[in-house]
Each structure stands twice: as structure tokens, then as C-alpha cells.
2 protein chains.
Amino acid sequence: MTKIDEIAKMCNVSKTTVSRVLNHHPYVSEEKRNQVLKVIKELDYTPSSLARQLRANKSQTMAISVPAIDHPFFSQLIKGVSSKALEKDYKVLIFQTFYNVATEMEMLDLLKNKEVDGIILGALENEWSSIKPFLKYGPILLCNEYHDSAAVPIIGYDEFDAAYKAVSHLIERGHKKIGFCCDTPSSQAQQLRKEGFIKALLENDLQCEEDWMFDHAFSIQDGFRVFTEMSSLADKPTAMFTGNDQVAAGIIKKAMVAGCRVPDDLAVIGYDNQFICQVTTPTITTIDTPIAELGQQAAAKLIKNLGKNAEMKREVVRLPTKLIVREST
Amino acid sequence: MTKIDEIAKMCNVSKTTVSRVLNHHPYVSEEKRNQVLKVIKELDYTPSSLARQLRANKSQTMAISVPAIDHPFFSQLIKGVSSKALEKDYKVLIFQTFYNVATEMEMLDLLKNKEVDGIILGALENEWSSIKPFLKYGPILLCNEYHDSAAVPIIGYDEFDAAYKAVSHLIERGHKKIGFCCDTPSSQAQQLRKEGFIKALLENDLQCEEDWMFDHAFSIQDGFRVFTEMSSLADKPTAMFTGNDQVAAGIIKKAMVAGCRVPDDLAVIGYDNQFICQVTTPTITTIDTPIAELGQQAAAKLIKNLGKNAEMKREVVRLPTKLIVREST
DNA sequence: TTACAGTCTGGTATCGGTAACATGTCAATA
DNA sequence: TATTGACATGTTACCGATACCAGACTGTAA
């Protein structure tokens, strides 16, 4: 690698002068500036960003954590974050926690020693009390996750409202026995959904039946599993809030194969309005969520706060969602 | 941030001794070692990896480029790479090129100044001649891409064989008018598929019809588009090699809605054996590709070569694929 | 003529670690 | 007793950049 000293030597100037040229400082004569630029080009010199990072104590990099990248929701979220970051000239380090507490801590260490300037948590594996101490090292932001006492910006959907809308829709369609799927039950964001679900039920004098609640439902496979479990119940729900289009697709497919008609025998509602909703038979009624927008807003907010070294304050943004009615309800 | 000097001062030793403890060097007395470890724990000290990286001139980080992360194929590929990298204690910087030549060059610059130690190219936007000069800065590896003259390891599927198998299957089912979809037509990996496609046709005295070739087909939406374009043809194909499960799903859905029966009027074969194949109606015949395995092997090969500073040699690995017959053919 | 501000340039310390080399101790060996 | 080598520790340079301070030169106002 060519380094700044070599350029300096070739131009008979000090490396300070070369550095000034690189950083567009005034007070460099036109003549030397041109000469330095010429030599830089000739030698194809790129300054070491590692050295710069060390010196400046910042990295122009942010990290985002997700449980796993291969779920459409998270890959789209990341895409949103990345596109905004790219626009603002930040790099993005993507971290998959694989639902692992220790991996998440490793990522937080990146913040501690300034390998990244800030972090977006798209997953929350540890207790908040474990994460809190890292706030002094740089900004952290919750995206698509929720915590009631975290003193950081939180940006997500109005999960409560979304679930309420979805379940109300099922009730309007005449259903009285409604099931509920969620992914990680300990997640507070999932709790909010559950509260919305329950509110809609209670408003219509319906009960929340423990047997109709399913956990860790995230993928198409999980949808298969949920349908199988559900089928074995003596008293089966006639409608399902799945919390996830993949799960909805899985349930619907298994149902159709089993001769259970959707939506007549079983209505199913998804979440996120992924394209998969449009290719199943029947197509899937769902909640439209602006995922890319979510990612972009999160990244924008983080970047805005990277300059200041004031700690970020709690602030909850809930993006609106929309019910999209299709054939599965 | 606590730094190594502070630890040294607190322990009344030199920072070299602290460094020795950190790096598990021998020749540190048990007594001092324990004392240092104790103080490190007390002050919650983490060494700056930025400083380490600068000093060692390596970063324990690899980069992988993909066109966009939100396509299931690429997110699964990345997952494979990441899991292997995590296991070997490497970080992964994920780079989305967004099909952009300049963004790809930016990533290559990371290699030049050792922000990353090596690169896996899962996308290939620039001409190889633009990429080749970067080989002197560190190992580069092609994954799921192909280039006939690149002197680097290439790891992908046997695309030729896969397409050949798929199309032969369609022909066995009695089809004589077979269409072909690909994503970026300039990609040499796509070319290999096309050659396999053509070989199967020629062996059965069939022609490759220009009107039945579709470009830039990647997503469900693209599948919708392809079906629409196809429908407007006077002479329509009766079978489609889509090169991609999403495209297959899109085509199938539009076909069914339009009253075109699958597979009777139109047979469709996918590629990658994504879960989506199992939730459409009809389910999708496809080529099973071990995507995670591909990513893991790529990462493993790269890591193996990061230690040595010898340039990597050309070496082509083609993982086998398998035909999975379902209802769409 | 002197003083001072503005322009241009270089020397040196610094970011936070690690490596090479030097030094010193102590016990085993010749 | 002198020599050797294993062990233990510290001093100093270095990775590749930038920031601060100081010095030199120029032009204009006092």
C-alpha cells in the first residue's frame, strides 16, 4: 500500500500538506495542491481509513442487528437501512444474533471500542439492563422492537392498532373463535400486538383461548407446524391472526391440502404485505407495513444523532399500517 | 474508553506486559497476570480493535457483495457465509451493489486499505479487468458467479447441468415449446444455464425461440410481468424454465388467475427450492440448490487463504443440484 | 519603519495498541 | 567459577493518518 509519506516524499512536501490536500483544507497553494493530486492519482493512493478511524475515534459505520437475515422482513428492513446509510456515506455492519444472547453482546462491544459509531437493534435478545451500560459509548436505537423503559428512540409500527384492526376485521367477517400466532413471546412488541388482539376480542365479548395461542411462528415451516397443532385440537379456531405472511402462507397451504376451505372453514390474516400474499391460493389478507420506510427512518435518525455526543432521548415513533383485504378472509 | 496505559499504570507494569496478558503470551508471572486480569475486569476494559487492526494490518473482517439483500437467494447465501465466518471468528461486512458499478468499486477499495481482509463476490457488476488489479491487495473469490478467465477460486452450482436436467424433464413431460427466463443476461453463470437449456433442446431437435427468452426476471413481480408478456405472443410456449422460484410463483399465479391451467396448459419449473415452492397451488417443481452450503464453502475457502499471502489460484467448484418434481410440471 | 493579520508550510505529538530488542534475574551446566 | 538459556519485564519504534503549534513569508495599516 502506498502511504501518505510516500506521496509527501515524491512531492517534496510534508505529509501534513498532503493531508491538507486530502481534507480540502484552505491554505495550500494551488501549485502544491495540483502536484499532490497528480501524484496521488499516479500512485493510485487511497488513505487508510483504519488509521483515520483510529485518529478520529469514529468509523463512519453503523451496525444493525437482526435475528437472522434470511427472513424477508429483516432483509427488507436492512435494505432500507442500507440505502439510507449509503446515501449519507455510512457503512453498515449487519449482525445476525441467531437468537443468541452472547452474539448480541459481541455486537455491543463493537460500539464500545468505536468499530461502529452507533447501533440499530432490530432484535433484542438480552435484558435491557445488560444493554443499557453501552449507551455511554454511542447511540443505540430500537427498531421494530419495543421496551417500555428504554431511554432511547424507538421506531416501529403501531402494533397495537394493527392487531386490533386485523382482529376486528375477522370479527366483522363473523368469526368468534380466533387464534393468535407470535414469534418470540417475550418481545414487548409482540405483547403490544397481543393487547390489540385482546382488546378487539373483549369489545365483542369474545374470549382469548389459551389453546389457540401459538409461539415461535416465523416461517412457512412454522405455519405448517401451527396448522398441524391446531388440527389436533378438539375445539378449533375458525380464524387466525398469524402476525406474519410466511406463517399465513404455510397455514393456508396445509389447510387447503387437508380439505379445509379458506376462508370458509378457516380465515387467515397475515402481516407485512409481502409479495407472497399475492401468489398463494387464496391470496392473503394482511397488514401492510412500510418496512423500507421503517429502515430508512431508523438510519436517518441514528445518523442525525451521531454527530452530537449528547445521549439520545426516549422518543416513540409508530408508523401507521393498513389493512389489505384479499381472499383469505 | 479505558485504554491499555491505564491498566498498566494501575498495575505498575508496562503496557507491554498488559498486552502480553491479553494475547496469552508466556513469560508473564502468574502474579502479574492475575493482577492485570483483575484490573481489566474491574475497569471493564476492551482493547481497541481499531488500533489492533492498524498495527496488524488486518481486520478479521471479510466482505460479501450481493446485488440486493432482500432476495431470498442472497439472504440465504449471506446467512451461510455469516455462520461460517462467525464460527471462525471473522466479521462479515455485507455490501449491496444495487446493481451499481461504482458501489462495487467502493467495496473493492475496502480491500485495498485493509478494512477487509478478503472479498466474496456474489455479484459481478464491473468488467473483470476492473476488478483484477485489486487481487494484489487480498484474496477475492467468486461465489455463484462465473468468469471464464478470472484467476480466482470460483464456487457455484453446476448451472449447465441444472438447466439441462430441468429442461430435459420438461421435454420428457411432452413439451416442445419451452421458454427461458434469466436475470442479468450478461452474467456468465446465466450463460451456462442457457447453454444447458440449449443442449437439452438440440438433443431433442427443438429450437430455441427468441420470443420465448425473458430477461431480468428475479422477483415475483417479474414473474407477473413475464406471464403478461408471454400471453401477448401469438405463438406461446407451453413450458417455462424460470431460473428462479419467485419468478415461477409469479408466473403460476397469473396463469391460474387467467384461466390457464398449470401444468396442463403451461408447465413451470423453478430454481433453488425455496419454501415458496411448497405453498403455491400447484406446488412448484424446481432445482434444489444447497445455498447455505455454498455460502459456507465460500467463506471457508476464503478464510483458509487469508493467512497465506500467496495469491489464490483459479479453481472451479460446482456443487451438485437435484431435480425436485412437484405439481407444476 | 514597525506591527499585525492573513497565508502557507513543516515538525512533532497523538490515536491505542503490538513487535523487536534490550536488560536483568536465576538456576542448571560445563 | 564462568557460561548458558529459560523466564520476566521494560524501552522504544511503529502502524498511517490528523491536529496543534510554531515559524516564515507577504501585504497593508499605523
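Lettering of chains follows the sequences in order, A, B, ..., and the numbering in each one begins at 1. The structure presented is a predicted model; accordingly, all values stated were derived computationally and were not measured.
- Residue B:Y27 places at least one side-chain N or O closer than 4.0 Å to OP1 or OP2 of D:dC7.
- Judged as a side chain to side chain contact (heavy atoms under 4.5 Å, CB included), and not counting sequence neighbours, the contacts of B:A85 are B:M62, B:Y90, B:V92.
- When every heavy atom of B:Q53 is checked against every heavy atom of A:L50, the shortest pair comes out as OE1-CD1, 3.3 Å.
- With sequence neighbours excluded, no residue forms a salt bridge (Lys or Arg N to Asp or Glu O under 4.0 Å) with A:D117.
- B:K114 meets the side-chain hydrogen bond (donor to acceptor under 3.5 Å, both in side chains) test with no other residue; sequence neighbours excluded.
- The NZ atom of A:K9 sits 13 Å away from the P atom of C:dG11 (whole-angstrom rounding).
- Ring orientation note: the planes of B:F218 and B:H71 are tilted relative to one another, at an angle of 30° to 60°.
- Atom CG in B:N57 sits roughly 18 Å away from atom P in C:dG17 (whole-Å rounding).
- Residues A:E31 and A:Q35 have side chains that never bring a donor and an acceptor to within less than 3.5 angstrom of each other.
- A close approach under 4.0 Å does occur between a side-chain nitrogen or oxygen of B:K3 and OP1 or OP2 of C:dC15.
- Sorted by residue number, the list of members of residues 35-47 of chain A with any non-hydrogen atom under 4.0 Å from DNA chain C is empty.
- Applying the side chain to side chain contact (heavy atoms under 4.5 Å, CB included) test to B:K112 and every residue at least two apart in sequence or in another chain returns A:M1, A:D44, A:T46, B:D109, B:F134, B:Y137.
- Put simply, A:S14 has a side-chain N or O that comes within less than 4.0 Å of OP1 or OP2 on C:dG10.
- In this structure, NZ of A:K58 is placed 18 Å from P of D:dA17, rounded to the nearest angstrom.
- Per the geometry, CD belonging to B:Q60 stands 13 Å off P belonging to C:dT18, to the nearest Å.
- Rounded to 10°, the helix from C:dT1-D:dA30 to C:dA30-D:dT1 has 70° between the axis fitted to its first five pairs and the one fitted to its last five.
- Listed by chain and residue number, nothing satisfies the side-chain hydrogen bond (donor to acceptor under 3.5 Å, both in side chains) test with A:E106 (two or more places apart in sequence, or in another chain).
- In this view, A:S186 and A:T184 satisfy the side chain to side chain contact (heavy atoms under 4.5 Å, CB included) rule, not counting sequence neighbours.
- In terms of the side chain to side chain contact (heavy atoms under 4.5 Å, CB included) criterion, residue partners of A:E87 (sequence neighbours excluded) are, by chain and number, A:K84.
- Qualifying side-chain hydrogen bond (donor to acceptor under 3.5 Å, both in side chains) partners for B:Q190, counting only residues two or more places apart in sequence or in other chains: B:D183.
- Map A:L50 and B:K32 each onto its nearest nucleotide of DNA chain D; the residue landing nearer the 5' end is B:K32.
- B:T2 is linked by a side-chain hydrogen bond (donor to acceptor under 3.5 Å, both in side chains) to nothing, counting only residues two or more places apart in sequence or in another chain.
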Distances under 3.5 Å between nitrogen or oxygen atoms of protein and nucleotides 19-28 of chain D:
residue	atom	partner	partner atom	Å
D:dA19	N6	A:T16	OG1	3.3

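- Side-chain nitrogen and oxygen atoms of A:R52 include at least one within less than 4.0 Å of the OP1 or OP2 phosphate oxygen of D:dT18.
- When rounded to the nearest whole Å, the span between CG of A:D109 and C1' of C:dG16 equals 16 Å.
- Rounded to whole Å, atom C1' of C:dA19 lies 13 Å from atom CD1 of B:I4.
- Between A:S48 and the phosphate of D:dC15, there is no side-chain N or O to OP1/OP2 separation shorter than 4.0 Å.
- One can find a donor-acceptor pair under 3.5 Å joining the base of D:dA17 and the side-chain atoms of A:K15.
- What separates CD of A:E31 from P of C:dC8 is a distance of 12 Å, to the nearest Å.
- Atom-to-atom, CD of A:Q53 to P of C:dC15 comes out at 17 Å; the value is rounded to the nearest Å.
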